[in-house]
There are 2 protein chains.
Amino acid sequence: MEDALHAHGLRITPQRVVVLEALRALSHPDAEAVLAYAQNRQAAMSVATVYNVLEKLRAAGLVIAMDVRGRRCFDIRTDSHDHVRCRHCGRVDDMVRHPGTRLIAPDQSPWVIDDQSLIWEGLCPACQGEAQHG
Amino acid sequence: MEDALHAHGLRITPQRVVVLEALRALSHPDAEAVLAYAQNRQAAMSVATVYNVLEKLRAAGLVIAMDVRGRRCFDIRTDSHDHVRCRHCGRVDDMVRHPGTRLIAPDQSPWVIDDQSLIWEGLCPACQGEAQHG
DNA sequence: TTTGATGCAAACTTTTTGCAGCTAC
DNA sequence: GTAGCTGCAAAAAGTTTGCATCAAA
C-alpha cells in the first residue's frame with residue numbers, strides 16, 4: 001500500500017494509507033464515502049485532508065477522478081475503462097469497452113441506458129504553450 | 001425555436017425561448033453562462049428559472065447535460081457525440097467519434113489529452129422495476 | 001531540522017427548495 | 001379559470017482555503 005506512495009515521491013502518512021485502503025475497498029467513492037470509511041476504522045481524518053489526499057493521488061496518476069451529478073468520484077483503477085451509473089440508486093459500475101464494436105447497446109446489457117457522456121481532458125491548441133510555464 | 005417546446009408539451013414562455021437561444025448561441029454553457037446571455041439581451045430571468053428550464057429541457061430530451069469539474073453544462077445537440085475540455089482554459093469542444101477506430105490519439109489531434117471519462121447513465125438491473133413506478 | 005501534511009473552521013461555489021404571485025393556454 | 005411557470009431569497013450540498021500545529025524523512 002505504501003509502495004505506491006513512495007514510488008511517486010509522496011510522504012507516507014496514516015491518512016494517505018487509509019484513503020488508499022478506502023479506494024480499494026469501495027466502488028468509486030466520493031470524498032464523503034472515503035471519510036466515512038476512515039471514520040468507521042477509527043482513523044483520524046478530516047474533510048480537508050480527504051480532498052487534499054485525493055487530489056494528490058490524482059495528480060500523481062494513482063487514481064482517476066470523474067464528475068457525476070455534482071460529486072467528484074475517484075477510482076483506483078488506472079487502466080482505460082468506462083463507467084455506468086444508475087440514475088435511480090446512484091450506483092457506479094465499471095464497464096469494459098469492446099474495441100471495434102459499438103460502445104454499448106441496451107440489448108447487450110441488463111442495464112437500460114438513456115444517457116452517455118464522454119469527456120476527454122487535456123490542453124487545447126491555444127493553451128499548450130501557456131500551460132507549460134503557467 | 002418554439003416548435004421544439006410545443007412538440008414536447010412544454011409551455012412556451014419568454015424565459016424558455018431565451019434559454020434555447022442561449023444554447024444555440026453558446027458552446028456548452030453552464031447555468032451561469034445562460035443567465036448572463038439572457039441578461040445581456042435584457043430578458044427577465046432568475047437563477048432558479050435557468051435551472052428549472054434546463055432540467056425541463058433535459059428531461060424532454062431537447063438537450064444533454066454533462067458534469068465537468070463541479071459544473072453542469074448543457075448542449076443542444078442530441079445526436080451522439082463526445083466532448084473535449086481544456087484543463088487550462090476550461091473550453092469545451094465537440095469531438096466526433098470515428099466508428100471502428102480508436103476513440104482518440106494524441107497524435108491525431110492538436111489537443112494534448114491526458115484524461116478521459118466516459119459515463120453512461122441509465123438504470124441498473126436492480127432498479128429497473130422500481131423506477132418505473134417510482 | 002526542515003519540508004510538507006493535517007485539522008479546524010470559515011468561506012466559497014453551484015444547485016435546490018419553498019412559496020407567493022403571475023401567465024400561457 | 002387553472003395548471004403550471006417564474007422570481008426571490010434562503011438553504012443545502014460539495015469543495016476549497018488560510019493558518020496554526022504536527023510529523024515524516
Side-chain angles (χ1 to χ4, degrees), chain A residues 1-22 28-39 41-60 62-63 65-74 85 87 90 92, chain B residues 1-22 28-39 41-60 62-63 65-74 85 87 90 92:
Chain A
M1 197 72 85
E2 289 109 22
D3 296 350
L5 293 171
H6 201 252
H8 287 79
L10 296 173
R11 281 193 183 170
I12 299 166
T13 69
Q15 288 82 2
R16 289 178 177 182
V17 172
V18 170
V19 169
L20 281 176
E21 277 178 26
H28 308 87
D30 59 4
E32 189 185 354
V34 171
L35 183 61
Y37 177 95
Q39 289 172 341
R41 309 202 50 162
Q42 323 289 340
M45 182 81 67
S46 75
V47 194
T49 299
V50 173
Y51 283 101
N52 285 340
V53 171
L54 288 172
E55 172 53 26
K56 281 275 184 194
L57 296 178
R58 194 204 59 77
L62 285 171
V63 303
M66 75 195 100
D67 298 307
V68 183
R69 285 255 26 172
R71 291 190 184 186
R72 184 142 244 230
C73 299
F74 295 84
R85 172 181 182 274
R87 68 173 150 79
V92 175
Chain B
M1 195 73 83
E2 288 108 22
D3 297 350
L5 293 170
H6 201 252
H8 288 79
L10 296 174
R11 279 194 183 171
I12 298 167
T13 69
Q15 288 82 0
R16 288 178 178 182
V17 172
V18 171
V19 169
L20 282 177
E21 276 177 28
H28 308 88
D30 59 4
E32 188 184 354
V34 171
L35 183 60
Y37 178 94
Q39 289 173 341
R41 309 202 51 163
Q42 323 291 340
M45 181 81 65
S46 74
V47 194
T49 299
V50 174
Y51 283 101
N52 285 341
V53 171
L54 287 172
E55 173 52 27
K56 281 277 183 192
L57 296 178
R58 194 205 59 78
L62 285 172
V63 302
M66 75 195 101
D67 298 307
V68 182
R69 285 255 25 174
R71 290 190 185 185
R72 185 143 245 231
C73 299
F74 295 84
R85 173 182 180 276
R87 65 173 154 78
V92 175

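These figures come from a predicted structure and were not determined experimentally. All values below come from the heavy atoms of this structure, side chains included, with hydrogens, waters and symmetry mates left out. Throughout, protein chains are lettered first and strands after them, A, B, ... in sequence-line order, and every chain is numbered starting at 1.
For D/dA23, the OP1/OP2 oxygens have no side-chain nitrogen or oxygen of A/Gln15 closer than 4.0 Å. Between B/Arg69 and D/dT16 there is a side-chain N or O to OP1 or OP2 distance below 4.0 Å.
Distance B/Leu54 CG to D/dC5 P: 14 Å, rounded to the nearest Å. One can place CG of A/Asp30 at 9 Å from C1' of D/dG14, the figure rounded to the nearest angstrom. Rounded to whole angstrom, the span from the OH atom of A/Tyr51 across to the C1' atom of C/dA9 amounts to 15 Å. One can place CG of A/Leu10 at 11 Å from C1' of C/dG4, the figure rounded to the nearest angstrom. One can place CD of B/Glu55 at 19 Å from P of C/dT14, the figure rounded to the nearest angstrom. Atom CG of A/Leu5 and atom P of C/dG4 are 16 Å apart (whole Å). Separating the NE2 atom of A/His8 from the P atom of C/dG4 is a distance of 18 Å, rounded to the nearest angstrom. Regarding A/Arg11, its CZ atom lies at a distance of 8 Å from the C1' atom of C/dT2, rounded to whole Å.
The base of C/dT15 does not come close enough to the side chain of B/Arg72 for any donor and acceptor atom to sit less than 3.5 Å apart. Judged by distance alone, with hydrogens and angles left aside, A/Arg16 brings no side-chain donor or acceptor close enough to the base of C/dA5 to form a pair under 3.5 Å.
The side-chain heavy atoms of A/Thr13 and A/Val17, taken from C-beta on, include no pair separated by under 4.5 Å. A/Leu10 has its side chain within reach of A/Leu57: a pair of non-hydrogen atoms, C-beta onward, lies under 4.5 Å apart. Side-chain contact check for A/His28 versus A/Met66: some heavy-atom pair is nearer than 4.5 Å.
Each of B/Gly9 and B/Ala48 has a nearest nucleotide on DNA chain D; the 5'-most of these lies closest to B/Gly9. The 5' end of DNA chain C is approached more closely, in terms of each residue's nearest nucleotide, by A/Pro14 than by the other of A/Pro14 and B/Cys73. Between A/Lys56 and B/Thr13, the one whose closest nucleotide on DNA chain C sits nearer the 5' end is A/Lys56.
Checking D/dC8, D/dT15, C/dG7 against every side-chain atom of A/Thr49, the shortest atom distance belongs to C/dG7.
Note on B/Arg71: only backbone sugar-phosphate atoms sit closer than 4.0 angstrom, heavy atoms only; bases stay farther off.
Smallest separation of non-hydrogen atoms from A/Arg16 and A/Leu5: CB-CD1, 3.8 Å.
Side-chain atoms of A/Asp67 do not come within 3.5 Å of backbone N or O of B/Val68 as any donor-acceptor pair.
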